[in-house]
There are 2 protein chains.
Amino acid sequence: MTNKTIKEVSRPVAKVAVAKPMTAGKRAASGKTRRAVGSTPTRNLHGHVVHELGQRIVGGELRPGELLPREETLAEQMEVSRTALREAMKVLSAKGLVESRPKVGTRVRDTRFWHQLDADVLGWRCALMPTEDFVRKLVEMREVIEPAAAAAAAVRCSVEQLERLDAAYAAMDAAKDLDAWAEADLAFHEAVLNATNNELMASLFSVIETALGTFFVLSARTAKDFKYSLPHHQKVLEAIRRRQPDAARRAMLRMVDDSRANMEKRRRNAKA
Amino acid sequence: MTNKTIKEVSRPVAKVAVAKPMTAGKRAASGKTRRAVGSTPTRNLHGHVVHELGQRIVGGELRPGELLPREETLAEQMEVSRTALREAMKVLSAKGLVESRPKVGTRVRDTRFWHQLDADVLGWRCALMPTEDFVRKLVEMREVIEPAAAAAAAVRCSVEQLERLDAAYAAMDAAKDLDAWAEADLAFHEAVLNATNNELMASLFSVIETALGTFFVLSARTAKDFKYSLPHHQKVLEAIRRRQPDAARRAMLRMVDDSRANMEKRRRNAKA
DNA sequence: TGCGACCATATTGTAGGACAATATGCAAGC
DNA sequence: GCTTGCATATTGTCCTACAATATGGTCGCA
């Protein structure tokens with residue numbers, strides 16, 4: 001049978017290369033090394049399929065309401081077995097992106113059903129260049145979440161959690177390049193969320209992470225003064241240490257607003 | 001030791017025949033009619049497995065770090081094929097609850113990796129009686145999210161969105177029993193989140209829904225004055241209509257705080 | 001002619017068996 | 001004692017077959 005030969009040859013190829021037969025030559029493995037918190041490591045085959053289809057859906061190539069090809073042909077196009085495809089579909093379904101029903105097929109769900117806070121979904125939205133509108137929404141989330149988290153942390157954080165905050169701050173202070181600073185910055189904001197002792201709050205880190213990551217990307221060119229927000233962080237840290245929730249809230253709000261203003265200025269410059 | 005419990009609880013119905021594995025037709029109608037936003041309808045077989053295992057993990061029966069039986073035996077215990085079990089595993093994995101690796105097996109992940117904002121995970125946490133601590137966290141989330149959402153809605157909501165708010169309020173006003181009121185109440189709070197025009201904010205409805213649902217359960221016995229918070233809702237609605245973000249924020253905060261106080265009082269009464 | 005019931009059919013859902021890939025832990029060799 | 005390599009257990013992937021299900025058209029009936 002031709003099936004056999006096809007299978008034997010195509011298997012190793014599909015893993016490494018991007019030689020998709022008919023699908024638009026989408027770059028699957030974009031150079032992104034940074035991984036979001038709960039994101040799929042894309043090590044497995046079906047992980048790749050999840051990534052590929054998820055990105056196409058969130059990216060708008062596959063529109064809500066659209067009916068996907070049936071599993072058999074879609075599996076052929078992706079060069080995986082129907083089994084692997086179905087496992088990927090279950091994941092996408094769990095993220096609210098698609099809905100499968102017997103006889104009718106699998107269709108892309110309306111955006112209001114998408115799990116927008118899912119780390120993968122957030123990541124896919126930033127796959128290319130995030131839209132101005134999306135950045136605005138991310139910042140709005142930060143303005144809501146982080147000041148409240150800082151206040152809660154000031155009230156309830158433990159000694160260990162304060163130590164982690166200290167460590168993150170020290171790492172930011174000691175950072176020699178943008179990469180090191182970005183890592184420490186993320187750790188700091190994660191530590192604040194964790195210090196609330198509310199795991200629901202902490203789960204919003206996926207949003208913060210995406211927002212900060214976007215900010216780093218947008219501000220990559222002016223990397224010389226990347227430490228400009230260190231004083232803001234210090235104020236937050238000190239307020240938490242002194243158990244002053246209101247001061248912590250205000251300091252954090254100033255930090256977020258400052259970062260937003262900075263980004264907007266930068267965007268205007270880029271346009272001009 | 002866990003093996004035994006896994007087997008006995010699972011799918012009591014499907015024990016009938018060995019030759020006809022497909023006896024899982026009914027058993028879908030568990031008293032719950034209301035379904036959470038993105039929750040799995042549990043119509044499929046693997047949906048059942050997801051529900052079953054997810055509940056056991058979140059419920060603490062299967063502890064973080066614990067190694068699950070290998071797929072083949074687990075599939076036997078659940079009386080499904082390995083295929084179906086694996087599809088369920090992929091979903092649980094997407095929710096951050098488990099992690100599978102070749103040769104080592106599938107183990108329950110630490111709680112910090114769980115997607116706590118996932119509608120299913122939230123639901124499973126409330127499967128029995130939610131702990132006092134969990135209720136506290138839910139209320140804290142409401143205090144952070146809803147006032148901010150109300151303020152944003154006052155700034156940006158469209159005419160259609162305001163109409164939906166009006167409709168929800170009217171339905172609350174007209175509600176004759178607790179069920180009707182609960183439904184309208186949910187619709188109101190969802191409308192507020194949608195009126196922010198920020199889908200990230202709107203995705204937090206799963207949390208609000210869980211919090212309100214818990215509140216309804218806890219306050220079921222004093223159902224006579226279930227409309228006591230109508231004036232609060234009216235104030236929020238009017239503030240949004242008049243485009244007064246600060247007033248909307250304050251009104252919403254009062255509503256949440258009032259509902260918390262109410263619940264705490266009730267809890268004290270129940271204890272005494 | 002209008003309408004409801006029924007059946008053909010296309011698609012997903014489930015099962016089961018086979019083999020490949022992978023990481024662990026032990027054993028052998030230096 | 002340390003490293004290296006192999007045996008092995010478990011997940012990962014593929015394949016095939018069939019059952020369940022919902023759609024849409026067709027047939028029967030009033």
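In the text below, chain A, chain B and the rest are named by the order of the sequence lines, each starting its count at 1. These numbers come from a predicted model, not from an experiment.
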Q: In whole angstrom, give the distance that lies between atom CG of B:Leu45 and atom P of D:dC18.
A: 20 Å
**Q.** All ring pair (Phe, Tyr, Trp, His ring centres under 6.0 Å) counterparts of A:His46, not counting sequence neighbours
**A.** none
Q.
Checking B:Tyr169 now: which residues fulfil ring pair (Phe, Tyr, Trp, His ring centres under 6.0 Å) with it, not counting sequence neighbours?
A. none
Q. side-chain contact (heavy atoms from CB on, under 4.5 Å) with A:Glu72: which residues, sequence neighbours excluded?
A. A:Arg70
Q) Whole Å only: how far is the CD atom of A:Glu87 from the P atom of D:dG12? A) 8 Å
Q: Could you tell me which residues satisfy side-chain contact (heavy atoms from CB on, under 4.5 Å) with B:Gln161, sequence neighbours excluded, listed by chain and number?
A: B:Cys157, B:Ser158, B:Ala195, B:Asn197
**Q.** Residues forming a side-chain contact (heavy atoms from CB on, under 4.5 Å) with B:Ala180, sequence neighbours excluded
**A.** B:Ala175, B:Asp177
**Q.** Inter-axis angle, terminal five-pair segments of the helix from C:dT1-D:dA30 to C:dC30-D:dG1 [nearest 10°]
**A.** 10°
Q. Is any side-chain nitrogen or oxygen of B:Ser81 closer than 4.0 Å to OP1 or OP2 of C:dT14?
A. no
Q: Would you kindly give the CG-to-C1' distance between A:Leu85 and D:dC14, to the nearest whole Å?
A: 13 Å
**Q.** Exercise: identify the closest heavy-atom pair between B:Asn198 and A:Lys137
**A.** ND2-O, 3.3 Å
Q. Does B:His46 make a side-chain N or O approach to OP1 or OP2 of C:dG13 shorter than 4.0 Å?
A. no
Q: Classify every nucleotide of nucleotides 4-11 of chain D by which part a protein heavy atom approaches to under 4.0 Å, writing B for the base, S for the sugar-phosphate alone and - for neither, in 5'-to-3' order.
A: ----BBBB
Q. What is the distance from CE of B:Met78 to P of C:dA15, rounded to the nearest Å?
A. 12 Å
(Q) How many whole angstroms separate atom CG of B:Asn44 from atom C1' of C:dA15? (A) 15 Å
**Q.** Listed partners of B:Asp185 passing salt bridge (Lys or Arg N to Asp or Glu O under 4.0 Å), at least two apart
**A.** none
Q: State which residues pass side-chain contact (heavy atoms from CB on, under 4.5 Å) with B:Thr210; sequence neighbours excluded, sorted by chain then number.
A: B:Leu122, B:Cys126, B:Leu138, B:Thr214
